[in-house]
Amino acid sequence: MSTDLSVILPRVLIVSRRSVRKNKFVDFVGEYHLDLIVGYGAVPVIVPRVSGVHMLLDSFEPIHGVLLCEGEDIDPSWYEQDIAGLSQEELEEIKRLHASDTAIDKEKDSIELSLAKLCLERNIPYLGICRGSQILNVACGGTLYQDIGKELSIKCLDSQRVMHINYDDYDGHRHDVEVVENTPLHHWFKDSLEEGKMNICVNSYHHQGVKRLAQRFVPMVFAPDGLIEGFYDPDAYNPEEGKFIMGLQFHPERMRKPDSDEFDYPGCPFAYKEFVKAVVAHQKKLNSLTSVQKPIKLNKEMEIKRKIIVRSFSLAKNLYIAGRGTNSPKETELEAGAEFLEVLTCTTRKLKLI
């Protein structure tokens, strides 16, 4: 098996989500994510959500990209969100309505926030989907709504209110969003936009979302209630150069027509396509920095001279240790080493004068 880094496919880390099956915990990652990553030319490496993994992330090197996706609500202590504005009754109602999401998973939080910060520190391509976009915002100092319905929708006009999750039509539910011009999302979906309009319909599976967007990010799309549904870092976006830092609140990989694998829009998989493009470029950049120079292959004449010089040094070393005796080497046998040292000394002196 080849160990040449240049022929190893780039690695994308994806943290699993924990679920219960037959009274046991099971880790999983949605297959749509894996299909797209593999289809565009990278290898998904699943990071298990188990205790202590956040201390072992160095073991997953090399990391060429990170994709973080669905999961439970992020522990609000990570972004110092004041929940005093919500009554105890409201908090209990939120837990009852969104039972599968409100169970905090501190281990997953630790793993994913560590990976997000690593990507930001080392310019590793990062794509955050749904919870993954919220992780990215929190990692950069942003905050979240504890519950959109209780904190945002209640302040909106009826015409602006949006249903961000519909348990009765989970995969079929869509809501309108407005795309921001001249952003990556605009370029991906521009062929699907009606003339003079900037609207598309996206799926929605969340009851939390970005409240204060971290300063480094620029919004790419808004819901009618004003919620930011996608953002990116324009200073860290150039897939051809291995730069990609982005968060999408919706799930483009799941925007498919009923009973079909056909996407709602041709632009749906482009986030994954451009992300993997950046991952490939990032891998090439890393390989160029860490590649080891192959030893120079000498021709037959030079190889003979090299062996004579090595033997000369070996004889000189033995002479120095044992002293002159009956088996002392001839002076001609030491000449090759002496000449080599003289050339080396002269060359060093000349370099010092430059």
Side-chain angles (χ1 to χ4, degrees), residues 10 12 14 32-33 35-37 39-42 64-70 116 119-120 122-137 139-140 142 174-204 206 209-210 213-223 226-256 263-285:
V12 174
I14 309 176
Y32 280 148
H33 301 295
D35 280 343
L36 288 165
I37 294 298
Y40 286 122
H64 304 122
V66 170
L67 167 66
L68 299 184
C69 34
E70 59 262 66
C119 290
L120 296 165
R122 288 168 43 183
N123 298 313
I124 298 171
Y126 177 105
L127 174 60
I129 301 293
C130 197
R131 171 190 155 99
S133 68
Q134 297 173 11
I135 283 282
L136 179 60
N137 186 48
C140 293
R174 302 284 188 271
H175 69 73
D176 191 55
V177 292
E178 184 172 344
V179 177
V180 178
E181 193 172 5
N182 295 324
T183 60
L185 204 69
H186 177 221
H187 295 309
W188 300 339
F189 287 89
K190 63 182 178 181
D191 291 339
S192 301
L193 298 173
E194 294 182 23
E195 189 174 351
K197 294 184 178 181
M198 296 291 286
N199 302 83
I200 59 171
C201 287
V202 300
N203 52 13
S204 197
H206 60 104
V210 171
L213 187 65
Q215 191 173 359
R216 69 184 290 166
F217 297 124
V218 171
M220 295 194 296
V221 58
F222 290 92
L227 188 74
I228 296 170
E229 295 267 350
F231 56 88
Y232 79 118
D233 183 346
D235 295 325
Y237 182 81
N238 190 328
E240 288 79 9
E241 294 183 4
K243 298 178 181 180
F244 193 104
I245 302 290
M246 181 178 293
L248 298 176
Q249 183 61 70
F250 58 97
H251 281 262
E253 83 286 354
R254 291 175 69 163
M255 288 171 58
R256 316 251 178 163
F263 287 106
D264 289 359
Y265 305 99
C268 286
F270 278 32
Y272 290 82
K273 182 180 180 181
E274 295 303 296
F275 168 64
V276 173
K277 183 188 291 182
V279 168
V280 171
H282 183 70
Q283 182 202 31
K284 289 179 179 177
K285 191 184 297 184

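Note that the numbering runs from 1 along the sequence shown for the chain. These numbers were taken from a predicted model, which means no experiment stands behind them.
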For the [atom1] atom of [X] and the [atom2] atom of [Y], what is their distance to the nearest 0.5 Å?
{"X": "N238", "Y": "K277", "atom1": "CG", "atom2": "NZ", "value": "9.5 Å"}
{"X": "N203", "Y": "D264", "atom1": "CG", "atom2": "CG", "value": "7.5 Å"}
{"X": "E181", "Y": "M198", "atom1": "CD", "atom2": "CE", "value": "5.0 Å"}
{"X": "L127", "Y": "S133", "atom1": "CG", "atom2": "OG", "value": "9.5 Å"}
{"X": "H186", "Y": "L193", "atom1": "NE2", "atom2": "CG", "value": "5.5 Å"}
{"X": "M246", "Y": "T183", "atom1": "CE", "atom2": "OG1", "value": "8.0 Å"}

Does any part of the side chain of [Y], heavy atoms only, come nearer than 4.5 Å to the side chain of [X], both counted from C-beta?
{"X": "L120", "Y": "C140", "value": "yes"}
{"X": "H251", "Y": "Y32", "value": "no"}
{"X": "C268", "Y": "F189", "value": "yes"}
{"X": "H206", "Y": "L227", "value": "yes"}
{"X": "Q249", "Y": "Q134", "value": "yes"}
{"X": "Y272", "Y": "D35", "value": "no"}
{"X": "H187", "Y": "E274", "value": "no"}
{"X": "V202", "Y": "R174", "value": "no"}

Between [X] and [Y], what is the shortest heavy-atom contact and its length?
{"X": "G242", "Y": "A281", "answer": "N-CB, 3.4 Å"}
{"X": "I135", "Y": "A116", "answer": "CG2-CB, 3.9 Å"}
{"X": "C119", "Y": "P125", "answer": "SG-O, 4.2 Å"}

*Does the pair L36 and V276 meet the rule for a side chain to side chain contact (heavy atoms under 4.5 Å, CB included), with working shown?*
CA-CA 9 Å; L36 288 165; V276 173; over 6 Å; no
*Fit a plane to each ring of H64 and H282, take the angle between them on a 0 to 90° scale, and name the class: parallel (under 30°), tilted (30 to 60°) or perpendicular (over 60°).*
perpendicular
*Ignoring hydrogens and geometry, is there a side-chain-to-backbone donor-acceptor pair from K243 to N123 under 3.5 Å?*
no
*Do any N or O atoms from the side chain of Y265 and from the backbone of P252 form a donor-acceptor pair under 3.5 angstrom?*
no
*asked:* In this structure, is the centre-to-centre distance between the rings of Y232 and F217 below 6.0 Å?
replied: no
*Should we say atom CD of E194 is surrounded by more than 12 heavy atoms from elsewhere, each under 6.0 Å from it?*
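12 or below, so no.
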_Residue from I124, L67, V66 passing side chain to side chain contact (heavy atoms under 4.5 Å, CB included) with V12_ =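 Result: among I124, L67, V66, L67 is the only option passing the side chain to side chain contact (heavy atoms under 4.5 Å, CB included) with V12.
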*The single option from F231, F275, F244, Y126 passing ring-ring contact (aromatic ring centres under 6.0 Å, His included) against Y237*: F244
